[in-house]
There are 2 protein chains.
Amino acid sequence: MTPVPPATVARLPIYLRALDELVGRGTPRTSSGELAALAGVGPAQLRRDLSYLGSHGVRGVGYEVAHLRAQVAAALGLTRDLAVVIVGVGNLGQAFATYVQDYEADGGQGFRVAALLDAAPDVVGTRVGHLVVEPAASLEDVVAREGATVAVLATPAGVAQEVADRLVTAGVRSILTFAARVLRVPDGVDVRSVDLARELQILAFHQQTRSATT
Amino acid sequence: MTPVPPATVARLPIYLRALDELVGRGTPRTSSGELAALAGVGPAQLRRDLSYLGSHGVRGVGYEVAHLRAQVAAALGLTRDLAVVIVGVGNLGQAFATYVQDYEADGGQGFRVAALLDAAPDVVGTRVGHLVVEPAASLEDVVAREGATVAVLATPAGVAQEVADRLVTAGVRSILTFAARVLRVPDGVDVRSVDLARELQILAFHQQTRSATT
DNA sequence: TTCTGTGAACACGTTCACAGCC
DNA sequence: GGCTGTGAACGTGTTCACAGAA
């Protein structure tokens, strides 16, 4: 019933944010042109994307903001809150933990930071926001206790695969990793990778071609 | 002379890392099969991607690791070091500054953290690694002084557009932003966005469809 | 009319399968 | 024989342009 293409899924969060912007302004109705401009895409693409979620606009009029926001949120599965476990509370893990806790506090739906884990004894026991860091050794217990199905991997690259294996065995089905490693996971487990060096290198490529042309 | 498709450019950093792995092992030669496995792609895709950089393999034999690594690095423009300015030294900015400084120390080529900037008076003057945080007010001076063409935007979302405008005016041509905002920039300026809430929401979508199917 | 929803055309990306060279 | 490089087939994603509903 829902063959939403991956490219469309990747844009839904952007539309959600654009709709929140309109909600904040108190705008009750919008058009594909306005929404597309806010999202930084073309109007045709926006209409095509929304069409995969069903018809929620009115021809000749546009979209009702509140209704559409609810549809997009529902399509993304943000109706219930998923428990997220963060492994690795170094700079990045801490930044991410704070980020998601702020997101929750802001009324952001869909997630809840359930636990923080780290292997370093001097980090275990420290607080980040409203949570205390627990030892990495109890990873399996913590995942089970919280019923966590989503994990954020912010450990050193060297242990990332090992930690991922343990997370998957413990029941995690989605991993967001910051480690610059290709993770091997079984079918049915979803991995998304945020690789900072990679982003910079892609920018470097474009600078080079630009200076070559100019 | 170099119409390397965007999708290929996005994978070159992964190949570069796989090649570094082989260099580390002391492997002198490799094949599309081995390299593709390390990079997590198919062999045909790897060969196609490399073909855009020219022919650097030997039929019936494979690729010489050191040579290929140099070719990929050159294609990415990692021969000279670009000066990177980081604006916003909160949790994320700090994490990123540390990350890139470690990358440099590790022999990672292509970048050098040139300066850190923040608007908060109590952050200005603090050290992160080998750099002291400077006031955001002197953004233009700092970009000029360092000849920075790359910036990382890790400020609150509310000021992201304004800071981006100032960066571009000051001469920055590539921006990596962590702010959950669509940035408007003139043609010729390249923006890449890392959006953490978006990544989690995409994971949430897939969890939902998976539980629906199962 | 106005603006959505969508068939059809197009562009881009991936994979297959094999010709070509070591 | 073995592995690269690539034409051709295929699949995915984007855009155009218009039919259709309010």
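Basis for what follows: all heavy atoms, side chains included, without hydrogens, waters or symmetry-related copies. Residue numbering restarts at 1 for every chain, and letters A, B, ... go by the order of the sequence lines.
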Using atom [atom1] of [X] as one end and atom [atom2] of [N] as the other, report the distance to the nearest whole Å.
| X | N | atom1 | atom2 | answer |
| --- | --- | --- | --- | --- |
| B/Leu50 | D/dC3 | CG | P | 16 Å |
| A/Gln71 | C/dT4 | CD | P | 16 Å |
| B/Leu68 | D/dT4 | CG | P | 11 Å |
| A/Glu64 | C/dT4 | CD | P | 14 Å |
| B/Leu53 | D/dT6 | CG | P | 12 Å |
| A/Leu46 | D/dG13 | CG | P | 17 Å |

Between the main-chain N or O of [Y] and the side-chain N or O of [X], is there a donor-acceptor pair closer than 3.5 Å?
| X | Y | answer |
| --- | --- | --- |
| A/Gln101 | A/Val128 | yes |
| B/Gln207 | A/Thr149 | yes |
| A/Tyr103 | A/Gln109 | yes |
| A/Arg198 | B/Ala10 | yes |

Please determine whether a side-chain nitrogen or oxygen atom of A/Ser32 lies at a distance below 4.0 Å from atom OP1 or OP2 of C/dT4.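 Checking A/Ser32 against C/dT4: at least one side-chain N or O falls below 4.0 Å of OP1 or OP2.
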A/Tyr63 vs C/dG5: side-chain N/O to OP1/OP2 distance below 4.0 Å: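 Yes, because at least one side-chain N or O of A/Tyr63 sits under 4.0 Å from OP1 or OP2 of C/dG5.
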Could you tell me how the ring of A/His67 sits relative to the ring of A/His56: parallel (under 30°), tilted (30 to 60°) or perpendicular (over 60°)? tilted
Using a distance-only test with no angle check, is there a side-chain donor-acceptor pair under 3.5 angstrom linking A/Thr8 and A/Asp49?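 Result is yes, a qualifying pair exists.
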Test item: B/Arg69 and B/Leu16 side chains (from C-beta on) under 4.5 Å apart, heavy atoms: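 The answer is yes, as the side chains (C-beta and beyond) meet within the 4.5 Å cut-off.
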Select base, sugar-phosphate, or nothing to describe what B/Pro43 touches, counting heavy atoms under 4.0 Å on all strands. nothing
When we call it a touch if two heavy atoms are under 4.0 Å apart, what does B/Pro5 touch: a base, just sugar-phosphate, or nothing?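 B/Pro5: backbone/sugar contact only, no base atoms under 4.0 Å.
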Measure the spacing between CG of B/Leu139 and CG of B/Asp118 and express it to the nearest 0.5 Å. 11.5 Å
Decide yes or no on side-chain contact (heavy atoms from CB on, under 4.5 Å) for B/Tyr99 and A/Asn91, but give the supporting numbers first. CA-CA 9 Å; B/Tyr99 182 91; A/Asn91 276 303; over 6 Å; no
Between protein and nucleotides 14-22 of chain D, map the contacts as a letter string: B base, S sugar-phosphate only, - none, heavy atoms under 4.0 Å, written 5' to 3'. SB-B-BBBS
In degrees rounded to 10°, what angle is found between the helical axes fit to the five outermost pairs at each end of the helix from C/dT1-D/dA22 to C/dC22-D/dG1? 0°
